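Comments concern the structure below.
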Amino acid sequence: RAQRALIRESWQRVRGDPVQHGAVLFGRLFELDPDLLPLFQYNCKQFASPQECLSAPEFLDHIRKVMLVIDAAVNHLENLPCLEEYLCNLGKKHQAVGVKVESFSTVGESLLYMLENCLGTAFCPDVQEAWTKLYDAVVKAMQRGWDA
Ligand code: HEM
């Protein structure tokens, strides 16, 4: 379907520099919901500011992990159910570190913000709709981890 092509094309631009674009995503996320910052702790140490978090190697690794999950979804558009079990487990892990299901809608908003920031005028309503659908499917699968 045409939506899949839009996803693949637009992701091509992001995947060239995942950490930079991921930092735009999480920078926006902390702007929209500063309460998410304390959920990221490495060796029990809390970050004093989003800037400090966004420059910590452990957090940059989390950015890479997030981008890899999105990459996997983009690579499996024809067969998302094969990621279902992985995503459910990933949801469980996020529940365990104190993430609320509702926060994933703020993450979705931040994802669209990052895409618009990266794609500029190529971020048209069709692209937005295609990404919203894909992201919703990923979140729905992760959500099962909370219900389980
Ligand atoms: C692991 C927090 C969103 C993918 C983690 C960890 C924390 C965390 C604290 C464990 C430490 C670490 O590995 O750095 C959050 C918060 C989020 C969020 C607060 C937003 C509210 C996401 C999203 C994805 C994702 C949207 C991908 C779609 C991962 C992966 C891991 C991870 C792949 C590693 C899991 C493993 O060790 O098996 N997350 N995360 N995270 N997160 Fe997130």
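Start at 1 and go down the list; that is how both ligands and their atoms are numbered. In this text the structure is predicted, and so the values were computed from the model without any measurement. Only this structure's heavy atoms are used, side chains among them; waters, hydrogens and symmetry mates stay out. Numbers here are sequence positions counted from 1.
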Side-chain contact test, heavy atoms from C-beta onward, threshold under 4.5 Å: evaluate it for Met67 versus Trp11 and give yes or no. yes
Which ligand 1 atoms are under 4.0 Å away from a heavy-atom of Tyr42? 11 (C), 12 (C), 14 (O)
For a ring-ring contact (aromatic ring centres under 6.0 Å, His included) check, start with the C-alpha distance between Phe104 and Tyr135, then their side-chain angles and the critical distance, and finish with the verdict. CA-CA 10 Å; Phe104 278 94; Tyr135 181 75; 7.3 Å; no
Would you mind checking which non-hydrogen protein atom is closest to atom 9 (C) of ligand 1, with the distance to 0.1 Å? Leu39 O, 3.5 Å
Identify the protein heavy atom lying closest to atom 28 (C) of ligand 1, giving its residue, its atom name and the separation to 0.1 Å. Val69 CG1, 3.6 Å
Check: Val101 and Val139 side chains under 4.5 Å, non-hydrogen atoms: no
Out of Phe40, Phe30, Phe26, the nearest non-hydrogen contact to atom 19 (C) of ligand 1 is supplied by Phe40
Taking C-beta and beyond as the side chain, do Trp131 and Ile70 meet within less than 4.5 Å on heavy atoms? yes
Do Phe47 and Phe30 have side chains that get closer than 4.5 Å, going by heavy atoms? no
If you leave out waters, which protein N, O or S atoms are less than 2.8 Å from atom 43 (Fe) of ligand 1? His62 NE2, His94 NE2
Residue pairs passing the salt bridge (charged side-chain N to carboxylate O under 4.0 Å, His left out) test where at least one lies in residues 54-77, sequence neighbours excluded: Arg15-Asp71, Asp61-Arg64
Looking at ligand 1, does Phe104 have a heavy atom less than 4.0 Å from it? yes
Would you check if the distance from the ring center of Phe26 to the ring center of Phe59 is below 6.0 Å? yes
Could you list all the salt bridge (charged side-chain N to carboxylate O under 4.0 Å, His left out) pairs where at least one residue sits in residues 29-49, not counting sequence neighbours? Arg28-Glu31
Taking only heavy atoms of Val107, which atoms of ligand 1 are found under 4.0 Å from at least one of them? 20 (C), 21 (C), 26 (C)
Does anything in residues 117-127 pair up under salt bridge (charged side-chain N to carboxylate O under 4.0 Å, His left out), and if so which pairs, sequence neighbours excluded? none
One residue to check: Tyr86. Relative to ligand 1, which of side chain, backbone, both or neither has a non-hydrogen atom less than 4.0 Å away? side chain
Location of contacts on Phe59 toward ligand 1, heavy atoms closer than 4.0 Å: neither
Decide yes or no for Leu32 and Ser110: does some side-chain heavy atom of the first lie under 4.5 Å from some side-chain heavy atom of the second? yes
